[in-house]
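Structure first, then comments.
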Amino acid sequence: SSHLRAAGVSLSATDAAIDRGLRAYAQSKLGLMHVSLLLRAASAASGGPAVRDCHPGVVWTPMLRRQLGAPLCRLLEASGASRRLFRTPQQGAATVLW
């Protein structure tokens with residue numbers, strides 16, 4: 001999962017360079033996991049509502065397509081594999097509803 005790539009990310013990195021390793025994205029996911037842990041602990045201690053994490057699965061987004069590269073994406077789309085292997089953004093968003 002993306003959060004495992006977060007090691008070595010610099011918070012001072014500029015947006016000018018494309019992060020081909022998705023490290024900044026991975027760090028944001030790791031940060032969300034940590035915030036969720038803190039919220040879960042605080043909510044449990046105060047008798048508040050349950051706090052849960054949701055993983056939408058691997059979603060066929062422009063960011064994923066940039067990471068995979070155009071040749072592979074064309075192959076995946078032409079073969080129909082992109083529809084079988086990846087979720088749509090709508091399916092990923094629906095994760096939190098179910």
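Throughout, residue positions are numbered sequentially from 1 according to the sequence presented. We use all heavy atoms of the structure for the numbers below, so side chains are in, but hydrogens, waters and symmetry mates are not.
- A distance of 13.5 Å separates CZ in R74 from OG in S82, rounded to the nearest 0.5 Å.
- Atom-to-atom distance recorded for L68:CG and M63:CE is 10.5 Å, nearest 0.5 angstrom.
- Rounding to the nearest 0.5 Å places CG of L37 at 6.5 Å from CG of D53.
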May I have the step-by-step check of side-chain contact (heavy atoms from CB on, under 4.5 Å) for V58 and L85, ending in yes or no?
CA-CA 8 Å; V58 182; L85 296 173; over 6 Å; no
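- Listed by chain and residue number, nothing satisfies the side chain to side chain contact (heavy atoms under 4.5 Å, CB included) test with A42 (two or more places apart in sequence, or in another chain).
- A distance-only check finds a donor-acceptor pair linking the side chain of R87 to the backbone of P56 [under 3.5 Å].
- A continuous path of hydrophobic side-chain contacts links F86 to L72 [ILVMFWY only; heavy atoms under 4.5 Å].
- Of all the heavy atoms in G92 and V59, the pair that sits closest is CA-CG2, 4.1 Å.
- Partners of V51 by side chain to side chain contact (heavy atoms under 4.5 Å, CB included), not counting sequence neighbours, listed by chain and number: S36, L39, R40, S43.
- Looking at residues two or more places apart in sequence or on another chain, you find no side chain to side chain contact (heavy atoms under 4.5 Å, CB included) involving R83.
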